[in-house]
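Comments concern the structure below.
Only this structure's heavy atoms are used, side chains among them; waters, hydrogens and symmetry mates stay out.
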Amino acid sequence: MKITLKGGEIREFENGISVADIAKEISMGLFRNACSCRINGEVRDLRTVVEEDCTLEILTFDDEDGKRTFNHTASHIMAQAVKRLYPDVKLTIGPAIENGFYYDFDCGDKPFGPDDLAKLEAEMKKIVKEGLELEKFELSPSDAIALMQEKDEPYKVELINEHAEKGEPISFYKQGEFTELCAGPHLMSVSAVKAFKLTQTTGAYWRGDAKNKMLCRVYGTAFPKASMLEAHLEAVEEAKKRDHNKLGRELELFTTVDSIGQGLPILLPKGAKIVQLLQRWVEDEEAKRGWQLTKTPFMAKSDLYKISGHWDHYKEGMFVLGDEEKDKEVFALRPMTCPFQYQAYLNKPRSYRDLPLRYDETSTLFRNEASGEMHGLIRVRQFTISEGHLMCTPEQLEDEFRGCLELCEYMLKTVGLYEDVSFRFSQWDPDNRDKYIGTEEQWDEAQDAMKKILDDLGIEYKIGIGEAAFYGPKLDIQIKNVFGKEDTLITIQIDQMLAEKFGMEYVDRDGVKKNPYIIHRTSIGCYERTLALLIEKYAGAFPTWLAPVQVKMLPIADRHLDKIYEIKKQLEAAGIRVEVDDRSEKIGFKIRSAQLEKVPYMVIVGDKDIENNTVSVRSRKDGEKGAMRVEEFIADITKEIETKAL
């Protein structure tokens, strides 16, 4: 049989050879580094036997899917260590995740603590030294249930029962005395997992449902080399320094209060100033591009959400005011603006000459996020977003989508986040039909239209099955925080279903009434999330145009204060944000304070400056800039602000 390898090379092998043996024939070095493989685009186990012509890619730790295989095996090693040291603990699930793995254990009333993690790490090292090979085997559903009942693993029995109806074999992996229910893939041996660290424990409900039992989740990370683990742990420590949840509070950008509630942050003056700057800039830029501003209510009757489908498909994520069984009218805070802005479209009859019609809004939205999902400013229950909805004809769709994307790219490049994002084409999951509205034909049409647009634009994207909105596919612009957790920053969606549900029509050139296509989009996303990412990106040292305080003025002595305040008026008249440090402290102390506040510029005034009618300027970026005339300094910083230099 012919095997097409990565790079296009074609090699011939005997039928019935395993991928592991193919890797050996290519190179023993490749075999030693191999984690899993990709056969005809599908990630598979190295134990897989190849029977026919195919494309084959051997995956190592350097490949994302290879790394997941590596980390998944590390989670099994941890579970084996747990069963050796704490045999009464019950196993649940232990997937690979971004930058590592976790495993959820039912520890009864005694969750694992730091001392337990140290013991588990020591036992894991023993297991790795034993060099146990992983063996895959399959059982019928009934035999699989019997095996897990014999081992007293009720959570595994529950998982098997869910698949028993299909009658398909259930796969397991065995390493030494430890047998785990698992679909794989896995490494050939535990010996490859040379370096690992168990990083933390948290609580987690079984299946993420607060109605179920609270489990103990243990997180870890693993690498083929100790040096790689050391580098990772150093990066984690650096990430902690940049963590917006810590740094944002230290810089007095935001705070949270228990009596207000989780996921409801308070932006302090400096944080509010940054968001205000972003909002004004976004609204002005959108206006230049033909977007019309609307202002819509924060809440509506359930009737509106029933038309849109949110009531049936999103109610659990909404804050509902009232009880349908008791109250004549039930309201809900809006989780998104689309059904409100549609009313602006419906305000009067429309023709093709009105299209494209672009509505935008700086929208405050409310979503009932689970408590375990919330994190600082990145995931909150009340947030403000640069939201917009665009109604167009099918012929206009591609150009208008391109315009929305170009707007997003401009915004991201200007704030310095573009280099950090990736693109995901989020599609529906036809096997989860209840999650979506519309027909299969409508979904195929919408997804085909979006695929053509993305391919025409040359966008490199990954596909996310099941990540679409309930009413249409979308392009999600993804970004990671300093800890590697990925979230959606910006979304552009194509929707051909809600226009019909709301009766939105236009009269086309042929005199026939038709439903417009709708593009849902944000241009810079959620302002709170964007602020969090900017804090982490710049470690709090914002570009001058975004800095809440752009200049800190420092008198060397009290006798210089009059001159300082005179210069302050000149700077403020030029639109520069200024603060004066008039404390009776030494100048060195004031300079260090300004450095900790990460202010872009310090202006120092002493006797010599007053004598020469100059100021001494220190730049956060360039250090000492020496004596300058005030007018010269104003010209320089104004240019930097106006060009939004990074």
Side-chain angles (χ1 to χ4, degrees), residues 242 244-245 247-249 251-255 264-289 291-295 336-337 358-365 376-380 382-388 404-421 477-479 481-482 487-492 521-551 575-577 597-600 637-638 640-646:
R242 289 175 173 262
H244 83 276
N245 222 352
L247 196 52
R249 297 169 197 272
L251 294 175
E252 297 184 1
L253 299 173
F254 76 97
T255 188
L264 298 169
I266 293 174
L267 293 184
L268 299 172
K270 290 181 180 179
K273 173 53 69 175
I274 297 172
V275 169
Q276 182 190 56
L277 291 165
L278 290 170
Q279 286 181 4
R280 289 176 173 175
W281 167 59
V282 168
E283 288 184 356
D284 288 346
E285 186 61 35
E286 289 175 344
K288 292 177 188 175
R289 298 177 187 235
W291 290 84
Q292 301 179 55
L293 189 65
T294 66
K295 291 292 181 185
M336 58 276 296
T337 315
R358 308 180 188 100
Y359 289 139
D360 68 342
E361 183 164 341
T362 302
S363 310
T364 298
L365 304 179
L377 297 176
I378 285 181
R379 192 170 291 273
V380 292
Q382 176 184 311
F383 56 94
T384 303
I385 193 167
S386 57
E387 197 167 19
C404 292
L405 182 57
E406 286 173 351
L407 173 62
C408 296
E409 290 177 333
Y410 166 74
M411 297 290 177
L412 291 171
K413 287 175 182 177
T414 303
V415 298
L417 293 177
Y418 186 75
E419 63 189 26
D420 303 319
V421 303
I477 301 179
Q478 302 291 105
I479 195 166
N481 68 12
V482 287
D487 284 292
T488 300
L489 180 59
I490 292 173
T491 293
I492 309 174
R521 68 101 187 107
T522 57
S523 55
I524 202 171
C526 162
Y527 286 103
E528 288 82 357
R529 183 172 293 177
T530 300
L531 174 57
L533 293 163
L534 290 174
I535 294 169
E536 295 184 349
K537 171 79 175 182
Y538 297 109
F542 300 102
T544 302
W545 76 277
L546 274 179
V549 177
Q550 295 166 322
V551 177
I576 300 164
R577 295 184 291 279
E597 293 176 28
K598 302 181 185 289
V599 178
I637 190 173
T638 300
E640 184 178 343
I641 293 166
E642 288 176 350
T643 59
K644 295 181 171 59
L646 297 177

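Closest of all the heavy-atom pairs between Phe383 and Cys526 is CB-SG, 3.6 Å. Shown here for Ala272 and Leu267, the closest heavy-atom pair between the two residues is N-CB, 4.0 Å. Heavy atoms only, all atoms of each residue included: Ala532 and Ile378 are closest at CB-CG1, 3.6 Å. Shown here for Ser363 and Thr337, the closest heavy-atom pair between the two residues is OG-OG1, 2.9 Å. Pro600 and Ala547 make their closest contact through CG-CB, 3.6 Å (heavy atoms, listed as atom of the first residue, atom of the second, distance).
Within the 4.5 Å cutoff, the side chain of Leu253 has no heavy atoms near those of the Leu377 side chain. Considering only heavy atoms from C-beta on, Glu597 stays 4.5 Å or farther from Val549 through its side chain. Contact annotation: the side chain of Leu412 approaches that of Leu489 to within less than 4.5 Å [non-hydrogen atoms, C-beta and beyond].
Side chain to side chain, Thr522 and Glu387 fail the donor-acceptor criterion of an N or O pair below 3.5 Å. Remark: the Gln279 side chain and the Thr362 side chain contain no N/O donor-acceptor pair separated by less than 3.5 Å.
Here the straight-line distance linking atom CG of Leu534 with atom OH of Tyr527 works out to 12.0 Å at 0.5 Å rounding. Rounding to the nearest 0.5 angstrom, the gap separating the NZ atom in Lys295 from the CD atom in Glu361 is 6.0 Å. Taking OG from Ser523 and CG from Leu405, the interatomic distance works out to 12.0 Å, rounded to the nearest 0.5 Å. A distance of 9.5 Å separates CG of Leu278 from CE of Met411, quoted to the nearest 0.5 Å. To the nearest 0.5 Å, the span separating SG on Cys408 from CD1 on Ile490 amounts to 4.5 Å. We find the CG-CG distance between Asp487 and Leu533 to be 8.0 Å, quoted to the nearest 0.5 Å.
At least one donor-acceptor pair closer than 3.5 Å links the side chain of Gln550 to the backbone N or O of Thr544. Judged by distance alone, the side chain of Arg577 and the main-chain N or O of Trp545 form a donor-acceptor pair under 3.5 Å. A side-chain donor-acceptor contact under 3.5 Å links Ser386 to the backbone of Ile524. Side chain of Asp360 to backbone of Leu293: a donor-acceptor contact under 3.5 angstrom is found.
Other residues, nucleotides and ligands place more than 12 heavy atoms under 6.0 Å from the CD atom of Glu409. Around CZ of Arg280, the count of heavy atoms belonging to other residues, nucleotides or ligands within 6.0 Å does not exceed 12.
A tilted orientation is assigned to the rings of Tyr410 and Trp281, their planes being inclined by 30° to 60°.
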Could you walk me through whether Phe542 and Lys270 pass the side-chain contact (heavy atoms from CB on, under 4.5 Å) check? CA-CA 12 Å; Phe542 300 102; Lys270 290 181 180 179; over 6 Å; no

Using side-chain contact (heavy atoms from CB on, under 4.5 Å), reason through Val415 and Lys537 one step at a time and then give a plain yes or no. CA-CA 10 Å; Val415 298; Lys537 171 79 175 182; over 6 Å; no

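For the side chain to side chain donor-acceptor pair (under 3.5 Å) with His244, the lone residue among Glu536, Arg249, Arg529 that qualifies is Glu536.
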